[in-house]
Amino acid sequence: MKIIKVTDNKEAGKVVSDLILKEVKSKSNIVLGLATGSSPITTYENIISKSKEENIDWSNVTTFNLDEYKGLESTHNQSYRYFMNDKLFNHINIKMENTFVPSGMINSNEEAQKYDELILKHGGIDLQLLGLGINGHVGFNEPGSDFEGLTSIVDLTKSTIEANSRFFDNEKDVPTKAISMGLKSIMNAKKIILIATGEAKALAVKNLIEGPISKDWPCSVLLNHSDITVVIDNEASKLLK
Ligand code: GLP
């Protein structure tokens, strides 16, 4: 595990966008795994501005997002599809048909796992970007998730619903389920970059970096990945030995 320490999320955005753009420039048909949440927003902002400045071509890039709220149509302003279009896809020359986000409208795990088949059909994910939940979730793989899990319909924990309620008018509006790539789907990526910033992430970061590998902290499975870079700021590093 490679660790990059930065001062804050703004700097994380610069560092991570540089890492991603380096990969995009060296492989024009790269398959990227992308994440939502507040952590990657500065990364996407930098990707947009540098892509404009340097005329970076996204027309052959394919992306797969980690997760989507169950029951939200792609047009819902809190859906992760909406977030990705708004925060990134609408501002670079990527082809919308090459961007994949799990559908929030599916009703079975059989349908959900077609997402893993689609990823495989595209040759697998070259570079997966991750955020980190306060309780150590990655994607929407909550504590107790199966390390061997593929894309499936998952229940959100009370703490995740509470944490994400800040984006909704009312906590009651936050979906209680999601469709998420599984920990195995994530671990299959050839390379991973995880961003964790802010004090609220400090305990999850400690478990991610120091272990032990345990289902109580889903992020800890990432210790087994052979090519992962973790970008953390001062506040998120507070509890590290
Ligand atoms: C959400 C997403 C995750 C994300 C995490 C952290 O629930 N499903 O993919 O990494 O929460 O979010 P944030 O970056 O806003 O702290």
Side-chain angles (χ1 to χ4, degrees), residues 1-2 13 15-37 39-41 43-48 50-51 54-68 74 79-104 106 111-132 138-141 148-152 178-195 219 221-222 224-231:
M1 182 178 278
K2 186 176 168 201
V15 169
V16 175
S17 61
D18 282 350
L19 291 172
I20 294 174
L21 289 173
K22 195 173 148 219
E23 302 283 337
V24 172
K25 285 181 199 163
S26 71
K27 186 177 179 187
S28 65
N29 63 346
I30 193 168
V31 178
L32 294 178
L34 297 178
T36 50
S39 307
I41 290 179
T43 298
Y44 295 150
E45 286 170 353
N46 282 299
I47 286 179
I48 293 166
K50 284 186 191 147
S51 294
E54 298 175 32
N55 237 338
I56 297 168
D57 183 21
W58 287 79
S59 62
N60 293 314
V61 175
T62 301
T63 64
F64 285 92
N65 260 79
L66 281 167
D67 46 17
E68 179 60 282
S74 56
S79 77
Y80 285 166
R81 160 55 79 179
Y82 187 99
F83 175 103
M84 288 310 301
N85 288 355
D86 185 44
K87 302 280 186 241
L88 182 64
F89 301 148
N90 287 343
H91 311 282
I92 53 177
N93 76 328
I94 199 162
K95 293 188 181 125
M96 275 298 171
E97 65 265 30
N98 292 345
T99 68
F100 299 93
V101 179
S103 164
I106 62 161
E111 284 175 275
Q113 278 174 25
K114 295 212 171 105
Y115 199 66
D116 294 287
E117 288 164 23
L118 199 62
I119 294 173
L120 273 181
K121 238 170 91 182
H122 283 83
I125 291 174
D126 293 305
L127 172 62
Q128 174 70 57
L129 178 64
L130 294 177
L132 180 65
V138 283
F140 265 133
N141 294 284
E148 294 301 311
L150 294 173
T151 305
S152 68
I179 291 82
S180 178
M181 277 169 61
L183 291 172
K184 176 88 173 177
S185 325
I186 293 168
M187 287 293 283
N188 280 342
K190 290 162 200 134
K191 214 180 249 233
I192 295 178
I193 299 175
L194 181 146
I195 306 170
C219 56
V221 72
L222 299 170
N224 282 334
H225 198 279
S226 58
D227 190 350
I228 174 165
T229 301
V230 172
V231 179

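Worth saying up front: this structure is predicted, and the values here are computed from it rather than measured.
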Trainee: Answer yes or no: is there an ion pair linking Glu45 with Lys87, defined by an N-O contact shorter than 4.0 Å?
Mentor: no
Trainee: So, Asn60 side chain and Ser28 main chain: donor-acceptor pair closer than 3.5 Å or not?
Mentor: no
Trainee: Take Phe83 and Ile41 through the test side chain to side chain contact (heavy atoms under 4.5 Å, CB included) and record every step on the way to the result.
Mentor: CA-CA 10 Å; Phe83 175 103; Ile41 290 179; 3.8 Å; yes
Trainee: Measuring only between side-chain heavy atoms, which start at C-beta, is Asp67 closer than 4.5 Å to Ile179?
Mentor: no
Trainee: Please check: side-chain N/O of Ser17 versus main-chain N/O of Thr43, any donor-acceptor pairing under 3.5 Å?
Mentor: no
Trainee: Flag yes if more than 12 heavy atoms outside Lys190 fall under 6.0 Å of its NZ atom; otherwise flag no.
Mentor: yes
Trainee: Which of these, Asp227, Ile193, Thr229, Ile228, sits in a side-chain contact (heavy atoms from CB on, under 4.5 Å) with Lys2?
Mentor: Thr229
Trainee: Atom NZ of residue position Lys22 - does it have more than 12 heavy atoms of other residues, nucleotides or ligands inside 6.0 Å?
Mentor: no
Trainee: Looking at NE2 of His225 and CE of Met1, how far apart are the two atoms once the value is rounded to the nearest 0.5 Å?
Mentor: 10.5 Å
Trainee: Start with the C-alpha gap between Leu88 and Ile48, add the side-chain angles, then the distance that decides, and say whether side chain to side chain contact (heavy atoms under 4.5 Å, CB included) holds.
Mentor: CA-CA 7 Å; Leu88 182 64; Ile48 293 166; 4.0 Å; yes
Trainee: Output the distance between atom CG (Leu129) and atom CG (Leu32), rounded to the nearest 0.5 Å.
Mentor: 8.5 Å
Trainee: What heavy-atom pair brings Ser79 and Ser74 nearest, and what distance separates the two atoms?
Mentor: OG-O, 2.9 Å
Trainee: Has Asn85 got a side-chain atom pairing as donor or acceptor with Asn90's backbone, closer than 3.5 angstrom?
Mentor: no
Trainee: Side-chain contact test, heavy atoms from C-beta onward, threshold under 4.5 Å: evaluate it for Asn29 versus Val61 and give yes or no.
Mentor: no
Trainee: Could you list all the side-chain hydrogen bond (donor to acceptor under 3.5 Å, both in side chains) pairs where at least one residue sits in residues 91-101, not counting sequence neighbours?
Mentor: Asp57-Asn93, Arg81-Thr99
Trainee: Please assess Leu194 against Leu132 for the test side chain to side chain contact (heavy atoms under 4.5 Å, CB included), listing each intermediate value before the final yes or no.
Mentor: CA-CA 7 Å; Leu194 181 146; Leu132 180 65; 4.3 Å; yes
Trainee: Where is the tightest heavy-atom contact between Pro40 and Ala35, given as atom of each residue plus distance?
Mentor: CG-O, 3.6 Å
Trainee: Just how far is it from atom CD of Glu23 to atom CG of Asp18, taken to the nearest 0.5 Å?
Mentor: 12.0 Å
Trainee: Starting at OG1 of Thr151, measure out to CG of Asp116 and round the result to the nearest 0.5 Å.
Mentor: 3.5 Å
Trainee: Short question: side chain of Glu68, backbone of Tyr80 - any donor-acceptor pair under 3.5 Å?
Mentor: yes
Trainee: Determine the minimum heavy-atom distance between Tyr115 and Pro102, stating which atoms define it.
Mentor: OH-CD, 3.4 Å
Trainee: How many angstroms lie between atom CG of Asn224 and atom CE of Met187, to the nearest 0.5 angstrom?
Mentor: 5.0 Å
Trainee: Starting from the C-alpha separation in whole Å, work towards a yes-or-no answer on side chain to side chain contact (heavy atoms under 4.5 Å, CB included) for Ile47 and Ile20.
Mentor: CA-CA 8 Å; Ile47 286 179; Ile20 294 174; 4.1 Å; yes
Trainee: Taking Ile30's backbone N and O only, do any of them form a donor-acceptor pair with Asp126's side chain (distance below 3.5 Å, no angle check)?
Mentor: no
Trainee: Apply the side-chain contact (heavy atoms from CB on, under 4.5 Å) test between Met181 and each candidate in Ile186, Asn188, Val138; give the one that qualifies.
Mentor: Ile186
Trainee: Taking C-beta and beyond as the side chain, do Leu127 and Leu19 meet within less than 4.5 Å on heavy atoms?
Mentor: no
Trainee: In terms of relative ring orientation, are Phe100 and Phe64 parallel, tilted or perpendicular, with 30° and 60° separating the classes?
Mentor: parallel
Trainee: Can you tell me how far the OH atom of Tyr44 sits from the CG atom of Leu34, to the nearest 0.5 Å?
Mentor: 4.0 Å
Trainee: Please report the closest heavy-atom contact between Ser51 and Trp58, naming both atoms and the distance.
Mentor: OG-NE1, 3.0 Å
Trainee: Mind listing the closest non-hydrogen atom pair of Phe140 and Ala178 along with its distance?
Mentor: CD1-CB, 3.3 Å
Trainee: Side-chain contact, heavy-atom cut-off 4.5 Å: Asn141 with Ser180?
Mentor: yes
